Structure formats: C-alpha cells, structure tokens
Amino acid sequence: MRRSSAWRFSSRASKTSRRQKQPQPQKPTATMENPQVKNGNKKSENVNPGMSGSSGNSATNIIINHDFSGGLHSWHPNCCNGFVVSAESGHPGFVAKPGSNYAVVSNRKECWQGLEQDITSRISPGYTYSVSARVGVSGPMQGPADVLGTLKLRYRDSLTDYLFIAKTTVSKEGWEKLEGTFTLLTMPDQVVFYLEGPSPGVDLLIESVVITCSSQSNFSNICTPSDIAGDGDANIIINPKFEDGLNNWSGRGCKIALHDSMADGKIVPQSGKIFASATERNQSWNGIQQEITGRVQRKLAYEAIAVVRIFGNNVTSADVRATLWVQTPDLREQYIGIANLQATDKDWVQLQGKFLLNGNPKRVVIYLEGPPAGVDILVNSLVVKHAEKIPPSPPPAIENPAYGVNIIQNSNLSDGTNGWFPLGNCNLSVATGSPYILPPMARDSLGPYEPLSGRYILVTKRTQTWMGPAQMITDNIKLLLTYQVSAWVKISSGATGPQNVNVALGVDSQWVNGGQVEISDNRWHEIGGSFRIEKQPSKVMVYVQGPAPGVDLMVAGLQIFPVDREARFKHLRRQTDKIRKRNVILKFSGVDASSLHGTLVKVNQTQNSFPFGTCISRTNIDNEDFVSFFVKNFNWAVFGNELKWYWTEAQQGNFNYRDADEMLDICVKNKIETRGHCIFWEVEGTVQPWIKALNKNDLMTAVQNRLTGLLTRYKGKFMHYDVNNEMLHGSFYQDRLGKDIRANMFKTANQLDQSATLFVNDYHVEDGDDTRSCPEKYITQILDLQEQGAPVGGIGIQGHIDSPVGPIVSSALDKLGILGLPIWFTELDVSSINEYVRGDDLEVMLREAYAHPAVEGIMLWGFWELFMSRDNAHLVNAEGELNEAGKRYLALKEEWLTGSHGRINEQGEFSFRGFHGTYKVEIVTHSKKITETFVVDKGDTPLVVNIDLK
C-alpha cells in the first residue's frame with residue numbers, strides 16, 4: 001500500500017464513460033425503407049410540445065417511431081444499410097413480441113456505423129434523460145459484442161462532439177437491454193442519438209428505443225457551448241492568465257493578489273504580463289481557487305496544467321498540489337487529488353494531472369494548495385481541458401532478445417577483474433571458494449546450466465556503503481525487456497549487526513533496485529531481483545553495494561539475463577492443470593443406459609470459484625459503467641479507503657460509515673464477497689492527528705472502541721480483515737502500547753467476529769526488493785503472533801510489483817507456504833508505459849498465483865485509469881476503453897473456464913477434467929432437452945455427479 005493516505009484523502013478521480021473521436025459521416029447509402037425526414041419537417045407523433053425549453057414530461061418517449069412500426073421513418077442508417085423485419089420473419093434465435101418489428105443495421109464497415117435519430121427539438125439543457133433500448137447482434141463474431149448508445153452534438157462553427165451514454169454486452173443468443181442517462185449543460189445546434197459498437201461485418205439489431213425526461217438537474221452555472229471541455233481544445237477555466245484581473249478567482253482561506261513582478265524584479269511571469277499569488281496562508285490547504293460548476297461533465301477525463309512556483313518564509317522547496325473539491329447533490333464533500341510536485345522559489349514549474357467526475361455534482365471547485373503556512377503560491381496560468389486521448393502503445397519489437405544469456409562481461413572471472421572496476425576508492429581482487437551451482441531462483445529460470453567457476457570478487461578497503469564492484473552495461477540493455485538478477489554474495493566476519501547487500505543499477509541519474517538481501521552471518525547468500533528500462537538511457541552501470549564501511553564484500557557469479565516468460569507460462573499451465581482442475585464423471589440414471597449410448601452432452605463452466613477481486617472506492621459506484629465492468633468481471637471486492645480508521649473517524653467521535661455501507665450494499669446486491677481493509681494501519685504517517693495526540697491509556701481505549709465499533713457493526717459481512725496493516729514497515733501502536741498489542745488486536749477481533757478470517761498484510765514480500773519484508777522475516781512475524789495466541793488465519797501479499805519474474809515470486813510463495821496458511825495477493829498491480837508489457841507483467845503474476853497451491857485468492861488494486869495508486873497500471877482507460885492489459889486479464893479469465901462436449905459411453909457416463917467452479921450440462925435425447933447445474937470443488941479423487949434423467 002505504498003501511497004499517500006491523508007485523513008482528508010480522496011482517491012484520484014477516474015472516468016468510466018467512453019467519448020469517441022469518430023470519422024465524420026460520408027454520404028449515406030440508400031436504405032430499403034423510408035428515407036430520413038429532414039430536421040424541421042418531422043412528423044409530430046410522440047413529441048412532447050413542452051419538451052423544448054420547458055419543464056418536460058417524464059412519461060413521454062421523445063423517440064419517434066420507437067418500435068419501428070413505421071419502418072425506418074425518422075431513423076437514419078449512418079454510412080451503412082438498414083431495414084425493418086417482422087418478428088415472424090426475423091433472424092433465427094431472436095424472439096420478439098408477436099406482431100412487432102425490429103430494425104436490422106447491416107453492411108457495417110466501421111464499428112461506429114449504426115442507426116441514428118435527430119432529437120434536437122425534443123430535449124432541453126439542464127434535464128436528465130433516461131435511455132432504454134433493446135438490442136441484439138447477428139453475424140460472424142469471435143465472442144460477445146458491445147453495443148453503445150451515443151449522442152452526436154454539433155455546434156455552429158465548431159467540431160462535432162460525441163457523448164457516451166451507455167454500453168451493454170450482447171451475445172448471439174438473444175436480446176439485451178441497454179440503459180443509461182445523459183444531461184446536456186448547454187443546447188447544441190443539433191443533437192443526434194444513435195446506436196453503434198459491434199465489430200465491422202456484424203449486424204446490429206434494434207427492437208425498441210425509449211428516451212424519457214426523468215428529472216431536472218441542479219446546475220448553478222449554465223455555460224455556453226464554447227465553455228464545454230468536450231468542445232475540442234476549449235479551456236474551461238475563465239480568465240486563466242489573469243488578464244482580466246482576479247475576476248472569477250478567489251482565495252481559499254487566504255488572500256489573493258496580482259503582480260507584474262516580485263522580489264525586486266527577480267520574479268517575473270513566465271508568460272504574459274502578470275501572475276497571481278495566494279498569500280497570508282495559515283494552513284497548508286489555503287490557496288487560489290475557481291469554481292467550475294456546470295463547465296465539467298461527468299465521466300469525461302480532464303487534464304489540468306498549472307504554471308506555479310513558491311515564495312517566502314525562507315522555504316526554498318515545497319509540495320504544491322492541484323485538488324478538486326466536489327459537493328454532491330446530497331451535500332457530501334469529496335476531495336480529488338489531481339497532481340502534485342515539488343515547486344521551488346527559483347523557477348516556474350508545470351504542475352500537470354488528470355481528473356474525472358463519476359457522479360453529477362452540485363458544485364465543483366479546483367484549487368491549488370500544499371506548501372506550509374506562510375509560503376505564497378504563485379500562479380502564472382491554469383488550463384483545464386478535456387484530456388487528449390493517448391493512442392495505444394504498440395507491442396515492443398525486440399530483436400534477438402537472447403533469453404537466458406548473461407549480459408555481464410567476465411562473470412566467471414576467468415580473465416581476472418577485466419571488465420570490472422571499483423566504484424569509489426576500494427580494491428578489487430579475485431579469490432576462490434564460492435559456490436559452483438547457480439542460485440536456486442536463477443536455476444529455476446535457466447534450467448540446466450554450466451557450473452559456476454568457484455571464483456569471486458573480493459572488495460576490500462571500503463570506506464562508503466556504496467563502494468563495490470561495478471560494470472558498464474549500456475550497450476547490452478534492450479528497452480522494455482525484463483531482466484532477472486542473480487548472484488551469490490557474502491560479507492567478512494566482524495560486522496556489527498545484520499548488513500544489507502544490494503545489486504543496484506545507475507540509469508543515468510536514477511537509482512534502480514536490482515535486488516537486496518540481509519546478511520547476518522558469514523555464509524554465502526542468494527540475491528535475486530529484476531528490473532526493466534522503458535526509456536532510452538545514455539548510461540547504465542550495474543554495481544554491488546550495501547555493507548557498512550570497513551566490511552569486506554564478496555560477489556560470485558553475477559548474472560543479468562532476459563527472461564523467457566512464454567517458456568515459464570508453459571510450465572505454469574501444466575501446474576495449473578494439477579492444482580486447479582479435477583476429473584469429473586457425469587453418471588446418468590433414470591433410463592436404460594444403453595438407450596443413452598451416443599447421446600450428445602455439452603458441458604460449460606459458468607463461473608470459476610477462485611476469487612478474483614478488485615479494489616473499489618465510493619465515488620466509483622456513482623459511475624454505472626464502472627459498476628457494470630466490476631460486477632461482470634470480479635467476484636470479490638475490497639474498499640480502497642472507506643473502511644480505514646482515518647476515513648471512518650477522521651475526527652474523534654465523528655463517525656462516517658455511510659460510504660462503506662453503500663459500497664457494501666452494492667456488493668451484497670451483486671453477490672460479491674468483501675475483504676475488510678483495514679482495522680488498523682501500523683505506519684505512523686497514516687494515523688490521523690487526534691490519535692497521535694492521545695496518551696497511552698486513551699489510545700488503548702480508542703483502539704478497543706475501534707475494534708468494538710467496526711466489528712460489531714459489520715459482524716458476518718466481511719469475509720476477511722487485514723487486522724494491522726504493514727507491521728513489517730511500521731510500529732506506531734506497538735511503540736506506544738507494547739509488543740502485546742498486535743496479538744491482542746487479533747484476539748479481540750476474533751472474539752467480536754469469529755466468522756472472519758484474520759490476515760497479516762504487507763508489501764515487497766514477493767519481489768526481493770526490500771529486506772524489511774523478505775519472506776523469512778514475514779514468517780518470523782507470523783510465528784511470533786501465533787505464539788502469543790493471535791489467530792492469524794491468512795497471509796496477505798500486497799503485490800505492488802515492478803517487472804515481475806516468475807521464479808522469484810514463486811520462491812517467496814514456496815517459503816511462506818510452509819506455514820500452511822492461505823495466501824492471498826491482496827493489492828496486486830503492475831505498471832508499465834507500454835500496455836502490452838503491462839499485460840505481460842499482469843499475466844506473470846496471475847499465472848504464478850493461480851498455479852501455486854498455497855494461493856487462495858487474487859485482489860487487483862483497481863483497474864480503471866485515474867483510480868489506481870500507480871500511474872500506467874490500469875486495465876481500462878479513463879473513458880471506458882479496455883486496453884491491452886485489460887484484454888489479457890479477460891483472456892486469462894476465459895482460459896480458466898472449462899467447456900467440454902462429447903457422447904455418453906456404454907456405461908451411461910461422460911467424463912472430463914475441469915476447473916473448480918459452477919457448471920451447466922445440457923443433454924439432448926430423442927424426446928427432450930435436459931439442463932442441470934453442478935459444482936466442481938477441490939479434491940484429489942474424481943468427482944461423480946449423478947444426473948437423473950427421469
């Protein structure tokens with residue numbers, strides 16, 4: 001959980017709707033039914049006369065010819081063909097109401113081609129409209145297809161804009177309902193509703209469309225079309241460069257002023273003639289602000305760019321943040337972090353970030369904050385625009401990756417220290433007596449390999465911790481390729497206390513961690529890690545460092561080699577088959593077995609029982625697109641912040657369980673299990689100020705009240721609890737209340753809710769990057785808790801990992817597995833600027849976890865862009881488009897579902913091997929079709945399922 005977590009925290013906003021940039025329509029092709037009636041000459045049936053510019057009638061459908069009883073009257077196929085058929089003569093497999101019609105949109109060459117209707121004269125700004133359509137698809141398909149409802153908005157003398165309304169996934173078996181809402185802040189010159197989405201060549205079928213006015217929205221500031229962020233490059237900030245003085249700007253708890261220069265002319269604008277300052281600040285949250293209510297739309301991603309610096313109070317560097325304050329219609333407040341950086345008093349810097357609103361806000365204010373009290377925030381300009389859509393990254397084209405080939409020169413030291421040099425004023429020499437075999441994690445990656453030479457580098461006369469053997473590897477590194485690091489390391493006797501040894505890389509001016517190990521004896525130790533470089537460096541150096549000055553360092557068999565992930569995946573597929581599948585025998589009875597011989601049996605798995613979950617936040621559930629993806633693709637959930645103590649009791653005695661209650665409700669409604677994260681958090685920086693101010697006795701009382709209040713309220717509702725988060729990295733409660741407090745937290749939690757499994761939870765356990773949380777120390781901590789009577793029921797590995805390598809992850813799981821406790825990846829995320837590489841990383845982690853017998857669940861730490869703790873970690877882009885990493889996740893979920901078909905044998909049986917989970921079996925005899933469901937659970941012996949065909 002490596003993220004900032006203030007008690008005033010709100011997760012970064014993210015967006016769920018999809019705003020398409022589509023080609024401008026060409027001249028439409030001829031249709032087989034009535035041509036479109038031109039705007040201004042429409043028939044008046046089904047039109048509410050008061051809908052335009054007045055209150056509207058929620059009972060009236062504004063769509064003309066909504067059920068195609070009039071053919072294609074008022075409808076227009078967009079650059080494709082369209083016709084209407086009756087229910088009786090329609091496509092096989094599509095059942096419509098007897099006597100009804102539906103439209104078929106065919107000859108589709110692009111996914112955006114579909115059926116549209118001009119609704120300009122029948123809607124008004126400021127009102128919320130509900131959309132409901134019944135749709136289907138037909139034609140050549142690789143799988144389910146998405147159908148989208150979209151508005152095309154045309155403004156005079158400006159580009160056409162597109163507003164996403166809703167999306168539904170449709171299979172070839174039948175009809176699906178598409179539902180959503182939209183609100184226009186201003187009235188465009190033309191508004192066209194249309195349905196689109198399936199792949200080219202797939203016909204779109206539409207049975208009916210209903211659009212009704214459901215409510216008036218509360219907008220305090222209706223803007224002009226040019227103000228809307230969706231309108232191309234328009235800046236929604238009014239007076240962004242202060243050319244109109246301080247109009248539209250105000251101070252947030254402080255004063256604001258204009259300047260043409262400051263500090264005797266040393267500070268002048270970066271651009272323009274003037275800049276503003278937020279001054280007389282006495283709180284870090286004081287700053288300059290502008291209300292943008294009515295100028296931002298929900299489910300659109302916006303980018304904010306500010307040019308800032310700081311001044312005063314003898315502070316030369318400070319954190320400056322851009323933040324969004326949102327007031328919801330029910331008067332709740334949300335704080336959405338947009339961006340932050342370290343600003344200085346020397347130069348103007350650019351503060352840049354993105355945000356998104358999930359719900360319809362009552363008020364929205366953007367402001368700059370952050371520096372300590374007494375420090376002025378200087379602002380030269382602020383721009384907020386609809387975020388430009390970033391084209392997807394191409395798959396990396398790596399020529400001759402040379403998997404398994406060591407890029408270190410003279411690794412076996414057969415040529416002395418040639419190729420090596422001492423980093424710093426230390427001495428390098430070659431000695432003998434190191435291991436001849438590869439370290440285990442490298443051996444798992446490389447398989448059969450030549451023995452090591454037994455020679456090692458001896459580093460003496462070290463006067464700094466960073467001194468050690470080094471080598472330049474700039475020309476040997478390939479971008480976007482994952483490298484594994486392996487070596488044997490040892491230190492001289494006489495060291496005081498445990499010593500860390502680290503393989504590090506200097507990539508230009510950046511330090512990259514290649515693996516760490518803690519040594520407290522004079523034995524040889526394996527060090528393992530990994531890294532990847534994603535931007536072209538000018539210089540890359542590898543070096544080994546870490547022990548205290550004066551401690552000799554020994555390094556043997558240093559290997560850095562690219563890993564062959566596909567070869568590893570083949571092994572994991574075999575392992576997965578052993579761990580996650582079971583032989584099944586379907587035994588049919590009720591009729592003569594001989595009469596069933598040769599009967600066709602179809603078996604399809606409808607759900608894998610393995611927990612695949614995700615982190616969600618309260619603001620997410622205001623976004624129907626997010627919720628749709630969530631409930632469709634995950635069966636477990638964890639709340640990112642809403643159950644944490646700083647969220648539920650930010651001020652003493654002032655409780656907020658409303659957010660968690662609402663999130664729990666939506667999980668229960670959709671039969672999604674939940675983890676309770678977390679009861680306490682041991683890292684001091686996450687503890688709210690009022691807790692820190694308590695004396696020992698009052699703190700103990702507060703801890704007991706927290707346990708009683710939380711676990712009594714939610715008894716039986718959370719399957720798991722992370723009891724005291726990150727105890728390997730923090731000790732706030734232990735330092736103040738004594739060592740017993742941790743075990744007592746577990747014991748009390750168990751007494752209050754015996755149905756919940758109680759977890760430890762920490763990060764960097766699986767990657768070799770952090771000696772504080774290596775598997776050995778985690779095991780020691782768990783055993784210590786158990787010896788004190790703590791009912792530890794599960795091991796949480798967070799999984800915030802970079803450039804994962806399978807054998808390293810698997811090694812950690814093997815070590816932890818000796819405890820016999822279930823292991824969960826509780827906060828898994830991977831990060832790469834390249835979506836394909838990100839997908840590779842995610843596949844590594846999912847396959848390693850799913851193939852390991854000790855792992856019993858995987859929770860992603862989010863999936864939607866702008867709602868992730870790390871950049872470049874998302875599976876779904878800000879405006880709802882699945883990226884390559886997301887496609888990889890769904891492909892694996894599909895791979896881990898079993899489908900089988902065949903014939904019943906002479907004994908009246910049908911056998912198959914399938915993943916654990918829920919199944920549907922279909923048997924078609926001469927007289928009838930029979931469908932049954934059954935569950936395949938874990939077991940070493942074949943599962944016999946008796947099916948009575950009476």
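The structure presented is a predicted model; accordingly, all values stated were derived computationally and were not measured.
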Q: Report yes if the side chains of Val765 and Leu816 come closer than 4.5 Å at any heavy-atom pair, otherwise no.
A: yes
Q) Has the side chain of Arg321 got a donor or acceptor atom that lies under 3.5 Å from a matching backbone atom of Pro371? A) no
Q. Val809 and Val844: side-chain contact (heavy atoms from CB on, under 4.5 Å), yes or no, with the steps?
A. CA-CA 9 Å; Val809 175; Val844 167; 5.5 Å; no
Q) Are side-chain N/O atoms of Ser414 and Asn412 paired as donor and acceptor at under 3.5 Å? A) yes
(Q) With a 4.5 Å cut-off on side-chain heavy atoms, are Thr316 and Thr344 touching? (A) no
Q) OG1/Thr482 to CG/Leu480 distance, rounded to the nearest 0.5 angstrom? A) 8.5 Å
Q | Side-chain donor-acceptor contact under 3.5 Å, Trp681 with Glu726 | A | yes
Q | Gap separating the CE atom of Met554 from the NE2 atom of His525, nearest 0.5 angstrom | A | 11.0 Å
Q.
Side chains of Val349 and Leu341, heavy atoms from C-beta outward: is any pair under 4.5 Å?
A. yes
Q. When you measure from the side chain of Thr780 to the backbone N and O of Glu776, does any donor-acceptor pair fall under 3.5 Å?
A. yes
Q | Intermediate values then yes/no, side chain to side chain donor-acceptor pair (under 3.5 Å), Gln499 and Ser520 | A | CA-CA 6 Å; Gln499 302 290 308; Ser520 56; over 6 Å; no
Q) Which value, rounded to the nearest 0.5 Å, describes the distance between Asp762 atom CG and Asn725 atom CG? A) 7.0 Å
**Q.** Pairwise salt bridge (Lys or Arg N to Asp or Glu O under 4.0 Å) hits with a residue in residues 834-849, at least two apart
**A.** Arg532-Asp841, Arg565-Asp841, Arg568-Glu848, Asp840-Arg888, Glu843-Arg847, Glu843-Arg888, Arg847-Glu895
Q.
We want to know whether Asp829 and His800 form a side-chain donor-acceptor pair, criterion being a heavy-atom distance below 3.5 angstrom.
A. yes
Which side-chain N or O atoms in residues 538-551 pair as donor and acceptor under 3.5 Å with protein atoms at least two apart or in another chain?
| from | atom 1 | to | atom 2 | distance (Å) |
| --- | --- | --- | --- | --- |
| Ser538 | OG | Asp508 | OD1 | 2.6 |
| Gln545 | NE2 | Asn502 | OD1 | 2.8 |

Q: Look up atom CG in Asn410 and atom OG in Ser453, then write down how far apart they are to the nearest 0.5 Å.
A: 9.0 Å
Q: Please answer whether the main-chain N or O of Ile801 pairs with a side-chain N or O of Asp767 as donor and acceptor at a distance below 3.5 Å.
A: no
**Q.** Residues forming a side chain to side chain donor-acceptor pair (under 3.5 Å) with Gln270, sequence neighbours excluded
**A.** none
Q) Among pairs that include at least one residue of residues 483-519, which meet ring pair (Phe, Tyr, Trp, His ring centres under 6.0 Å), considering only residues two or more places apart or in two chains? A) Tyr483-Phe531
Q: Please identify each residue that fulfils ring-ring contact (aromatic ring centres under 6.0 Å, His included) with Trp524, with sequence neighbours left out.
A: Tyr456
Q: Any side-chain hydrogen bond (donor to acceptor under 3.5 Å, both in side chains) involving residues 417-438? Give me the pairs, sequence neighbours left out, ordered by first then second residue.
A: Asp415-Asn418
(Q) Which residues pass the side chain to side chain donor-acceptor pair (under 3.5 Å) test with Gln409, not counting sequence neighbours? (A) none
Q.
Going by side chain to side chain donor-acceptor pair (under 3.5 Å), name the residues that satisfy it together with Arg772, two or more places apart in sequence or in a different chain.
A. Asp770
Q: Indicate the atoms forming the closest heavy-atom contact of Leu558 with Ser411, along with that distance.
A: O-OG, 2.7 Å
Q) Any idea which heavy atoms bring Arg309 and Ala343 closest together, and the distance? A) CA-CB, 4.3 Å
**Q.** Nearest heavy-atom neighbours spanning Leu351 and Val320
**A.** CD1-O, 3.7 Å
Q) Hey, mind stepping through Phe610 and Trp896 against ring-ring contact (aromatic ring centres under 6.0 Å, His included) and telling me if it holds? A) CA-CA 10 Å; Phe610 188 87; Trp896 294 329; 7.8 Å; no
Q: Please say which of Met845, Glu856, Met859 ends up in a side-chain contact (heavy atoms from CB on, under 4.5 Å) with Phe825.
A: Met845
Q: Answer yes or no: are there more than 12 heavy-atom neighbours, outside Ile390 itself, under 6.0 Å from its atom CD1?
A: no
Q | Non-hydrogen atoms of Tyr836 and Pro396 that approach each other most closely | A | CB-CD, 3.9 Å
Q) Does Ser445 have any side chain to side chain donor-acceptor pair (under 3.5 Å) partners at least two apart in sequence or in another chain, and if so, which? A) Gln484
Q. Is the shortest heavy-atom distance from the side chain of Asp552 to the side chain of Arg462 under 4.5 Å?
A. no
Q.
Quick check for you: to the nearest 0.5 Å, what is the distance between Ile519 atom CD1 and Asn500 atom CG?
A. 9.0 Å
Q: Give the minimum heavy-atom separation between Ala851 and Thr576, together with the two atoms involved.
A: CB-OG1, 3.4 Å
Q. Does the side chain to side chain donor-acceptor pair (under 3.5 Å) test come out yes or no for Gln352 and Glu303, once each step is laid out?
A. CA-CA 7 Å; Gln352 186 172 357; Glu303 184 172 45; 2.6 Å; yes
Q.
Is it the case that the side chain of Arg580 and the backbone of Tyr850 share a donor-acceptor pair, with hydrogens and angles ignored and the cut-off at 3.5 Å?
A. yes
Q.
Is any side-chain heavy atom of Val485 closer than 4.5 Å to one of Gln559?
A. no
(Q) What I want to check is whether the side chains of Gln516 and Thr771 have a donor and an acceptor closer together than 3.5 Å. (A) no
**Q.** side-chain contact (heavy atoms from CB on, under 4.5 Å) partner of Val760, the single match among Ile782, Ile797, Leu821
**A.** Ile782
Q. Are Lys478 and Glu399 ion-paired here, with the side-chain N under 4.0 Å from a carboxylate O?
A. no
Q) Quick one: does Tyr778's side chain get under 4.5 Å of Leu728's, heavy atoms only? A) yes
Q. So, for Thr463 and Met467, which heavy atoms are closest and what is the spacing to 0.1 Å?
A. OG1-CE, 3.0 Å
Q) Can you pull the salt bridge (Lys or Arg N to Asp or Glu O under 4.0 Å) pairs that have at least one residue in residues 515-527, sequence neighbours excluded? A) Glu518-Lys777, Asp521-Arg523
Q: Determine whether Leu846 and Tyr889 make a side-chain contact, defined as any pair of heavy atoms from C-beta on separated by less than 4.5 Å.
A: yes
Q: Could you tell me which residues satisfy ring-ring contact (aromatic ring centres under 6.0 Å, His included) with His729, sequence neighbours excluded, listed by chain and number?
A: Tyr763
Q | Asn834 side-chain N/O to Pro394 backbone N/O, donor-acceptor pair under 3.5 Å | A | yes
Q: Could you tell me whether the side chain of Asn883 and the main chain of His874 form a donor-acceptor pair under 3.5 Å?
A: yes
**Q.** Minimum side-chain heavy-atom gap Asn761-Asn724 below 4.5 Å
**A.** no
Q: To the nearest 0.5 angstrom, please state how far the OG atom of Ser492 sits from the CG atom of Leu553.
A: 9.0 Å
Q) Are Asp564 and Lys570 ion-paired here, with the side-chain N under 4.0 Å from a carboxylate O? A) no
Q. Quick one: ring-ring contact (aromatic ring centres under 6.0 Å, His included) partners of Trp348, sequence neighbours excluded?
A. Phe275
